[in-house]
Amino acid sequence: MTLVEELKWRGLIKDISSPELEEKLNKGGLTFYIGTDPTADSLHVGHLSSFLISKRLKDAGHNPILLVGGGTGMIGDPRPTTERAMISKEEVAHNFECLKAQVEKIFGFKVVNNNDWYKDINVIDFLRDYGKYFNVNYMLDKDIIRRRLDTGITYTEFSYMILQALDFKHLHEHEGVDLQCAGSDQWGNITAGIDLIRRSTGDEVYGFTMPLVTDSQGKKFGKSEGNALWLDKTKTSSYKLYQFFINVEDSMVIDYLKIYTFLSKEEIEELEKKNNEHPELREAHKALAREIITFLHGKEEYDKAVSLAEHLFNNEFKDLSKEDIADLFDAQDIKQVESNTNILDLIVTMGAASSKREAREFLTSGAISINGEKVNSLDLEVNDDMFIDNTYIIVKRGKKNYYIGRK
RNA sequence: GGGUAGGUGGCCGAGUGGCUAAAGGCGGCAGACUGUAAAUCUGUUCUCAUACGAGUACGAUGGUUCGAAUCCAUCCCUGUCCA
């Protein structure tokens, strides 16, 4: 299977700038880049699919560069709906440092910052050297701009595509970059860069995008309870990642294996078969969680997540020692609590409910368990006997939300 | 600058003086059923409160009124048309 055939099989190619790119991809030796803006201090699962492409291309003999947009991050890539809130320069700088460190650690690729070349371009040069290559009619024709015309878009965000085109050109001239890949929402920005380079230098460069990863409802994939799943394990524990992937819908799990893992076609087809015959075993889900967590955080973190899940879902934690619990849970997830308090207060201080009123609601609807036993009583007093190994107390809300308290 | 249509709870969207903490849908949370799946059904969903009640809220500020998301004034923002 050639690289392009594999990428297509995995469902990773949506738009491709020209047919000749396929040949070049199969041949190897291209220098390419992929970019992201420092809008937060960590990448999240939503970024993962397109970042993994850089790994696939690298393994096939291409040379990756990761651009973290310290400059573009201060402008804001237009979203389809509304204007972005601006991020302070200090925050962008901070986020940049975090992302750089993270990306180097996980992917091990060279990281560049577009602010390094923007800072020497003044307004007049910008308008003369780059602005002249962009007809406003051309810009208005881009899908993302058109969608914003009825809700409004500021000049700042309107200019974003010029900056990204400029990035492509800079990297083409200074780093030998001939290819840009990204998520499909970036297609307009990529083609803007290809056009700029062709018109200003005559060189032919390429781009391709991958489809947005969604769930079966067509919604963006990669959020748990509405929150992003961060690739920084101090922000999202391996256990949470494990839970997320193990709970993926059956109908999507094979697609996700193709997108998010490096398992071979044969291995994935084998898992597909198992998934069809015995979905309740969730072999495919387990493989998905295993591959991703091991890639991101290592085997040890993965084993820890599995062990924790087994204990929790088999209700085995009563026999655990305090050392086991301290080992299984991340210290950041353990809340300090006091004995001899009312159950309502306990639930609130542990974060399982946001107010006493809500805590009451959960208790009366049978959503709360303590150390594996359902609690309905509103006026239960929490005493020393309820702490495992006289140290920890485990509150469960709903089916799979666990909260750990330490005395 | 002028005309015009708008700005409602996380989102969409009804509501044109009291019965409105504000219909309905989506999303979220919880329960049942399951396989920690999907689908379905049920409850819940501004904040606080042991369900009494209180506080905040319909772009902003002021006003009319016993009473305003609803009327008036000024301002801000968005679309759209004209210049």
Side-chain angles (χ1 to χ4, degrees), chain A residues 78-85 140 145-158 214-229 237-257 271-272 274-290 293 305-317 341-349 351-369 372 374-381 394-403:
Chain A
R79 286 184 297 202
T81 48
T82 51
E83 196 83 359
R84 283 177 194 268
L140 289 174
I145 303 294
R146 232 177 342 180
R147 290 164 74 172
R148 282 287 294 277
L149 288 180
D150 52 346
T151 54
I153 181 168
T154 61
Y155 188 72
T156 306
E157 289 194 0
F158 181 61
T214 59
D215 61 20
S216 63
Q217 317 290 311
K219 295 222 173 70
K220 253 190 205 172
F221 177 74
K223 295 208 166 155
S224 166
E225 293 168 33
N227 299 314
L229 289 154
S237 68
S238 300
Y239 168 72
K240 283 204 190 98
L241 282 181
Y242 181 81
Q243 285 306 315
F244 178 75
F245 290 113
I246 218 76
N247 280 314
V248 152
E249 336 163 43
D250 290 6
S251 60
M252 299 304 289
V253 69
I254 301 302
D255 287 349
Y256 297 150
L257 279 170
L271 286 166
E272 186 169 16
K274 283 185 185 163
N275 188 52
N276 287 339
E277 287 167 5
H278 290 287
E280 72 282 2
L281 295 177
R282 284 180 295 178
E283 299 272 352
H285 298 75
K286 286 175 185 163
L288 180 67
R290 182 189 69 229
I293 295 167
V306 174
S307 168
L308 180 51
E310 279 173 359
H311 283 101
L312 291 180
F313 286 94
N314 296 327
N315 253 338
E316 281 171 359
F317 38 74
T341 49
N342 180 269
I343 179 75
L344 292 169
D345 293 315
L346 180 88
I347 290 171
V348 173
T349 51
S354 62
S355 69
K356 286 170 92 169
R357 185 194 48 75
E358 193 175 64
R360 214 171 292 123
E361 200 175 300
F362 286 138
L363 278 168
T364 46
S365 65
I368 300 290
S369 302
K374 205 151 251 191
V375 179
N376 290 313
S377 166
L378 287 178
D379 36 37
L380 180 75
E381 284 290 317
I394 300 179
V395 171
K396 180 170 83 154
R397 189 200 86 223
K399 242 169 231 176
K400 43 205 172 192
N401 303 294
Y402 289 90
Y403 302 86

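Letters go in sequence order (proteins before strands), and every chain restarts at 1.
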Subject >> A:Tyr402 OH - B:A30 P separation (whole Å) >> reply: 12 Å
**OP:** Can you label the angle between the A:Phe313 ring and the A:Tyr402 ring as parallel, tilted or perpendicular, going by 30° and 60°?
**Re:** perpendicular
Original post:
When you compare B:G10 with B:U45, how far apart are their C1' atoms, in angstrom units rounded to a whole number?
Top reply: 11 Å
**OP:** Could you tell me whether the side chain of A:His285 and the main chain of A:Phe245 form a donor-acceptor pair under 3.5 Å?
**Re:** no
Original post:
With rounding to whole Å, what would you report as the distance between B:A51 and B:G7 at their C1' atoms?
Top reply: 36 Å
Original post:
Just how far, in rounded Å, is C1' of B:A38 from CZ of A:Phe221?
Top reply: 15 Å
Original post:
Are the side chain of A:Glu283 and the backbone of A:Asn275 linked by a donor-acceptor contact shorter than 3.5 Å?
Top reply: no
Original post:
Would you say A:Asn401 reaches B:A30's phosphate, i.e. side-chain N/O to OP1/OP2 under 4.0 Å?
Top reply: yes
Original post:
Starting at the 5' end of RNA chain B, which residue's closest nucleotide do you reach first, A:Ile246 or A:Leu149?
Top reply: A:Ile246
**OP:** Give one of base, sugar-phosphate or nothing for A:Val253, where a contact means two heavy atoms less than 4.0 Å apart.
**Re:** nothing
Original post:
How long is the line joining OH of A:Tyr242 and P of B:A37, in whole Å?
Top reply: 13 Å
Original post:
Nearest heavy-atom pair of A:Ile343 and A:Ser377: which atoms, and what distance?
Top reply: CG2-O, 3.7 Å
**OP:** Send over the distance from A:Asn314 CG to B:G35 C1', rounded to a whole Å.
**Re:** 13 Å
**OP:** Using the P atom on both, measure B:A57 against B:G9 and round to a whole Å.
**Re:** 13 Å
**OP:** Can you tell me the pairing partner of B:A30 across any strand shown, Watson-Crick or G-U wobble, with both distances under 3.5 angstrom?
**Re:** B:U42
Subject >> Interatomic distance, A:Asn275 CG vs B:G35 C1' [rounded to whole Å] >> reply: 11 Å
Original post:
Taking all non-hydrogen atoms of both residues, which atom of A:Ala309 and which atom of A:Tyr242 are closest, and how far apart?
Top reply: CB-CE2, 3.6 Å
**OP:** For B:G79 versus B:U65, give the span between their P atoms, rounded off to a whole number of Å.
**Re:** 38 Å
**OP:** Just name whichever nucleotide pairs with B:G53, Watson-Crick or G-U, keeping both distances under 3.5 Å, else none.
**Re:** B:C48
**OP:** Please state the C1' separation for the pair B:G62 and B:C11 - nearest whole angstrom.
**Re:** 31 Å
Original post:
In whole Å, what is the span from the CG atom of A:Asp215 to the C1' atom of B:A39?
Top reply: 14 Å
Original post:
Any side-chain N or O of A:Lys286 less than 4.0 Å from the OP1 or OP2 oxygen of B:A37?
Top reply: no
**OP:** Of all the heavy-atom pairs spanning A:Ile254 and A:Glu272, show the shortest one and how long it is.
**Re:** CD1-CA, 3.4 Å
Give me the distances for all protein-to-nucleotides 2-8 of chain B N/O pairs that come in under 3.5 Å?
none

Original post:
Rounded to whole angstroms, how far apart are CG on A:Leu363 and P on B:A51?
Top reply: 16 Å
Original post:
Taking NE2 from A:His285 and P from B:A38, how many angstroms apart are they, rounded to a whole number?
Top reply: 9 Å
Original post:
Does a side-chain heavy-atom distance below 4.5 Å link A:Ile347 with A:Leu363?
Top reply: yes
**OP:** Verify the contact: side-chain N or O of A:Arg397 to OP1 or OP2 of B:A30, cut-off strictly under 4.0 Å; return yes or no.
**Re:** yes
Original post:
Is A:His311 reaching over with its side chain to a backbone N or O of A:Ser307, donor-acceptor style, under 3.5 angstrom?
Top reply: yes
Original post:
If pairing requires Watson-Crick or G-U wobble contacts with both distances under 3.5 Å, which nucleotide is the partner of B:U4?
Top reply: B:G79
Original post:
Between A:Glu83 and A:Arg148, is there a salt bridge with N-O shorter than 4.0 Å?
Top reply: yes
**OP:** If a protein heavy atom is under 4.0 Å from the base, mark B; if only from the sugar-phosphate, S; if neither, -; do that for nucleotides 44-50 of chain B going 5' to 3'.
**Re:** S--SSBS
Original post:
Using purine N1 to pyrimidine N3 plus N6-O4 or O6-N4 for Watson-Crick, or N1-O2 and O6-N3 for G-U wobble, each under 3.5 Å, what pairs with B:U70?
Top reply: none
Original post:
With a 4.0 Å cut-off on heavy atoms, is A:Phe362 in touch with a base, just the backbone sugar-phosphate, or nothing at all?
Top reply: sugar-phosphate
Original post:
P atom, B:C12 versus B:G2: distance in rounded Å?
Top reply: 30 Å
**OP:** Please tell me which of A:Arg282 and A:Lys374 maps to the more 5' nucleotide of RNA chain B, matching each residue to the nucleotide holding its nearest heavy atom.
**Re:** A:Lys374
Original post:
Got a donor-acceptor contact below 3.5 angstrom from the A:Glu157 side chain to the A:Ile153 backbone?
Top reply: no
**OP:** Determine whether the aromatic ring centres of A:Phe221 and A:Phe244 lie less than 6.0 Å apart.
**Re:** yes
Subject >> C1' spacing across the pair B:A69 / B:C46, given as an integer number of angstrom >> reply: 15 Å
**OP:** Could you let me know what B:U20 is paired to, Watson-Crick or G-U wobble, both distances under 3.5 Å, or none if it's on its own?
**Re:** none
Original post:
Which part of the nucleic acid, if any, lies within contact of A:Leu281, taking any heavy atom under 4.0 Å across all strands shown: a base, the sugar-phosphate backbone alone, or nothing?
Top reply: nothing
**OP:** Measure from the side-chain N and O atoms of A:Asp345 to the backbone N and O of A:Thr341, and report whether any donor-acceptor pair falls under 3.5 Å.
**Re:** no
Original post:
Using the P atom in both, what is the distance from B:C52 to B:U4, to the nearest Å?
Top reply: 48 Å
Original post:
According to the Watson-Crick and G-U wobble definitions, with both distances under 3.5 Å, which nucleotide is paired to B:A14?
Top reply: none
Original post:
Taking the side chain of A:Lys400 as heavy atoms from C-beta outward, which of B:C33, B:A37, B:A30 is closest to it?
Top reply: B:A37
